Amino acid sequence: MNFQEKYDEYKQRQEAKKFFNQNNDHLSVSDYIRMLFVGTVIAIFSTIAFDFLSMKIGWSFSYFDILTGYFTGSIVLKIARYGSEKVGIISAVCYLLGTLFTPVLTYYIFWNQSVSLVTAIQLALGQISDLFSLVFIAV
C-alpha cells in the first residue's frame, strides 16, 4: 500500500468513527448533568460580562447574544467530546437558562436585593423583549 491508500483508509476510519459517535449515545447521566450545569454557568458569566461591557460602551450590542451562545455551545461540546442533537439541545437550554437567570443574579449579587418571582419573570422577559435581540438570540 502506498501513502495515498493508507491516508484514504485512515480518513474513512475517522469518518466512520465520527458517524458512530454522533449517532450513538455515549454519555452518561452525570455527563448530561455536568453539561447542563457548566453550560448554564458559562452562559450566566458571559452574559454578565457582555452586559457589563454594554453598560461601559453605553449602548446594547446584540452580537453579544451570538457570542454568548457560541461560548456556551463550544464549552458544552468540549464536555460532550462529540456533537449530537442532544448536545445541541442542551447547549440551547443552557443558553436560555443563563440568559434568563442573569438579571436575577445581578440584582442579588451587585445590589444585594432579593427579587420576587414576578419581578424575576419581568426581568427575564425584558432581556428578550425587543424583536432585534430576539432575532440574534435565535441565531
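Residue indices begin at 1 and follow the sequence shown. Since this is a predicted model, take the numbers as computed values, not measurements.
Distance CG/Leu77 to CD1/Ile90: 11.5 Å, rounded to 0.5 Å. In this structure, Thr47 OG1 and Leu67 CG are separated by 11.0 Å, a value rounded to the nearest 0.5 Å. How far CD1 of Ile66 is from CZ of Phe50: 11.0 Å, rounded to the nearest 0.5 Å. Between the CD1 atom in Ile48 and the CG atom in Leu53 there is a gap of 13.5 Å [rounded to 0.5 Å].
Grouping Ile, Leu, Val, Met, Phe, Trp and Tyr by side-chain contacts under 4.5 Å, direct or through others, puts Val29 with Ile33.
With sequence neighbours excluded, the residues that form a side chain to side chain contact (heavy atoms under 4.5 Å, CB included) with Lys11 are Tyr7, Glu15. In terms of the side chain to side chain contact (heavy atoms under 4.5 Å, CB included) criterion, residue partners of Val38 (sequence neighbours excluded) are, by chain and number, Arg34, Ile42, Ile75, Ile79. Residues passing the side-chain hydrogen bond (donor to acceptor under 3.5 Å, both in side chains) test with Gln12, sequence neighbours excluded: none.
Here the closest non-hydrogen pair linking Ser91 and Thr72 is O-CG2, 3.9 Å. Of all heavy-atom pairs between Ala43 and Cys94, the closest is CB-O, 3.5 Å. Taking both residues in full, the closest heavy atoms of Tyr95 and Thr68 are given as CE1-CG2, 3.7 Å, listed atom of the first, atom of the second, then distance.
Applying the salt bridge (charged side-chain N to carboxylate O under 4.0 Å, His left out) test to every pair with at least one member in residues 89-102, sequence neighbours left out, gives no pairs at all.
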